[in-house]
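Numbering of ligands and ligand atoms starts at 1, following listing order.
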Amino acid sequence: MGLRIVVLTKHVPNIHSNRTFVDGRVARGAADGSLNELDEHPLEEAVRLLERMSDEERAGSEIVALTMGPAEASDALRRAYQLGADVGVHVLDDALAGSDYLGTAAVLAAAVRRVAQDGPVDLVLAGMAALDGLGSVVPALVAAELGWPQLTNAGALAVADGAARVERDVDGVTEVLEADLPVVVSVNDHINRPRFPNFKLIMAARTKEITTWSLAELDVDTSKVGAAGARTQVLSAEPRPERPPVELHVDNGEGGVALADFLASRGLV
Ligand SMILES: Cc1cc2nc3c(=O)[nH]c(=O)nc-3n(C[C@H](O)[C@H](O)[C@H](O)COP(=O)(O)OP(=O)(O)OC[C@H]3O[C@@H](n4cnc5c(N)ncnc54)[C@H](O)[C@@H]3O)c2cc1C
């Protein structure tokens, strides 16, 4: 009967390049955006869960990569294909712009329910954070929307007998938690080391079809989504001021004095 797994995969702007802001919000759709690096871990874990099954157990299994974002977010799905996803689903709609966490979660949960129309979904896997927003709340909100249990911060994951079991390190203690399927599991970046995609998958990912759903195709409370539905407001977002240039002193025996003078000049000693 297999496992049907939806992996939440967010497209994020390149965190190493300078971000631009429009109306206090990060300008999405930058050409150099990519799959959130932390979402490679749930994808890898989904692939490993299926690899650990016998051919018979695996029959009917599917890994669905799901993203909500602007047109460029399909790049995240192409990467997910390289890493082993079977199906890529993109929720794309102009009305989504400005959605806050609750709106994002409502849409992702509606898309999971839509995926489940083709057969029950056993697991939703997510990363521990999106490297742009760093909210770490979306998986919990998706679980609440679906009415499913959630296991967080998983450092190990096993599925057997209709239940998911995770290990998580918390404050010097390793907890073992279990919940019946279907369940939402957010995994940390220690759970695995994502593999380097093989050439065949890289080539296949270029042309593989992506399923696109608009809001109208999902059973979602549209009053929650978009800027109008957002219950939080970004009041301002200012780029951090440039750091002053580095001052380099060569130590010719006067290093200690130069250092003390430097600290004193800034009122630090
Ligand atoms: C008022 C307001 C307006 C906003 N406007 C916009 C906007 O116009 N456009 C915009 O893109 N963002 C917007 N945001 C930010 C947006 O709400 C968050 O980026 C989004 O909710 C995800 O939160 P996060 O990045 O902190 O994810 P986290 O909670 O840190 O993500 C954890 C995990 O959840 C999954 N996940 C999170 N988001 C997605 C996603 N979109 N698709 C698939 N999986 C996901 C991933 O697995 C990820 O690893 C806005 C936020 C606020 C408060």
Side-chain angles (χ1 to χ4, degrees), residues 5-13 15 19-30 33-46 63-77 79-80 83 85 88-112 114-115 123-146 150-154 184-189 191 194 210-213 215 218 220 224-237:
I5 307 173
V6 175
V7 184
L8 304 183
T9 48
K10 188 179 181 192
H11 182 260
V12 297
I15 54 164
R19 284 182 235 176
T20 49
F21 294 84
V22 179
D23 295 336
R25 303 204 305 257
V26 178
R28 308 273 153 180
S34 60
L35 171 66
N36 175 39
E37 236 174 84
L38 292 170
D39 294 346
E40 296 196 0
H41 297 281
L43 277 165
E44 173 68 26
E45 203 54 29
I63 300 173
V64 179
L66 168 64
T67 197
M68 165 188 144
E72 292 73 10
S74 60
D75 290 350
L77 297 177
R79 176 72 182 155
L83 294 168
V89 173
H90 186 176
V91 185
L92 174 67
D93 198 305
D94 288 345
L96 292 170
S99 297
D100 63 4
Y101 300 114
L102 293 161
T104 303
V107 172
L108 292 173
V112 171
R114 177 76 175 73
V115 172
L123 274 170
V124 171
L125 297 185
M128 61 194 266
L131 288 171
D132 59 340
L134 289 177
S136 292
V137 293
V138 168
L141 293 171
V142 170
E145 284 280 340
L146 292 169
Q150 190 207 3
L151 299 168
T152 61
N153 191 22
V184 177
V185 181
S186 48
V187 309
N188 64 34
D189 56 345
I191 193 166
I210 287 174
T211 301
T212 304
W213 288 330
L215 275 178
L218 298 178
V220 62
K224 284 188 184 175
V225 307
R231 288 201 264 165
T232 43
Q233 206 182 347
V234 181
L235 297 181
S236 68

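The V138 neighbourhood of ligand 1 comprises atoms 21 (O), 22 (C), 23 (O), 27 (O), 29 (O), 34 (O), 36 (N), 37 (C), with distances under 4.0 Å to a heavy atom of that residue. For ligand 1, the atoms lying closer than 4.0 Å to a non-hydrogen atom of D132 are 25 (O). Those atoms of ligand 1 that come under 4.0 Å of a heavy atom in S136, given as number and element, are 28 (P), 29 (O), 30 (O). Within ligand 1, counting atoms from 1 as listed, the ones closer than 4.0 Å to a heavy atom of D39 are 46 (C), 47 (O), 48 (C), 49 (O). Listed by number with element, the atoms of ligand 1 under 4.0 Å from a non-hydrogen atom of N36 are 49 (O). Taking a cut-off of under 4.0 Å to the non-hydrogen atoms of M68, the atoms of ligand 1 that pass are 40 (C), 41 (N), 42 (N), 43 (C). Taking a cut-off of under 4.0 Å to the non-hydrogen atoms of V137, the atoms of ligand 1 that pass are 29 (O).
Between V12 and A130, the shortest heavy-atom distance links the atoms CG1-CB, 4.4 Å. Considering all non-hydrogen atoms of both residues, A154 and V185 come closest at CB-CG1, 3.8 Å.
Residue-level proximity to ligand 1 for T9 is carried by the backbone, the only part with a heavy atom below 4.0 angstrom. Contacts between L8 and ligand 1, counted as non-hydrogen atom pairs separated by less than 4.0 Å, involve both the backbone and the side chain. Proximity of T104 to ligand 1, defined as any heavy-atom pair under 4.0 Å, is confined to the side chain (atoms from C-beta onward). The part of L66 lying near ligand 1 is the backbone, judged by heavy-atom distances below 4.0 Å.
With sequence neighbours excluded, the residues satisfying side chain to side chain contact (heavy atoms under 4.5 Å, CB included) with I210 are S74, L77, R78, Y81, H90, T212.
Among T9, V225, L108, the single residue meeting the side chain to side chain contact (heavy atoms under 4.5 Å, CB included) criterion with M68 is L108.
Contact check for L141 versus L102: side-chain heavy atoms found under the 4.5 Å cut-off. Between V138 and K10 the shortest side-chain heavy-atom distance does not fall below 4.5 Å. By the 4.5 Å heavy-atom criterion applied to side chains, L35 and L83 are counted as neighbours. At least one side-chain heavy atom of L215 sits under 4.5 Å from a side-chain heavy atom of V107.
An N or O contact shorter than 3.5 Å is missing between V234 and ligand 1 by distance. Checked against a 3.5 angstrom limit, the closest N/O atoms of P139 and ligand 1 fall outside it. For the pair L108 and ligand 1, the shortest N or O to N or O distance does not fall below 3.5 Å. The shortest N or O to N or O distance between A126 and ligand 1 is not below 3.5 Å.
Heavy atoms from other residues, nucleotides or ligands lying under 6.0 Å from CD of Q150 number more than 12.
Comparing P13, A97, S99 against atom 13 (C) of ligand 1, the shortest heavy-atom distance belongs to S99.
Separation of atoms OG (S136) and CG (N188) is listed at 11.0 Å; rounding is to 0.5 Å. Remark: H11 NE2 to R79 CZ distance equals 12.5 Å, nearest 0.5 Å.
Ligand 1 lies within reach of T232, whose nearest heavy atom is under 4.0 Å from it.
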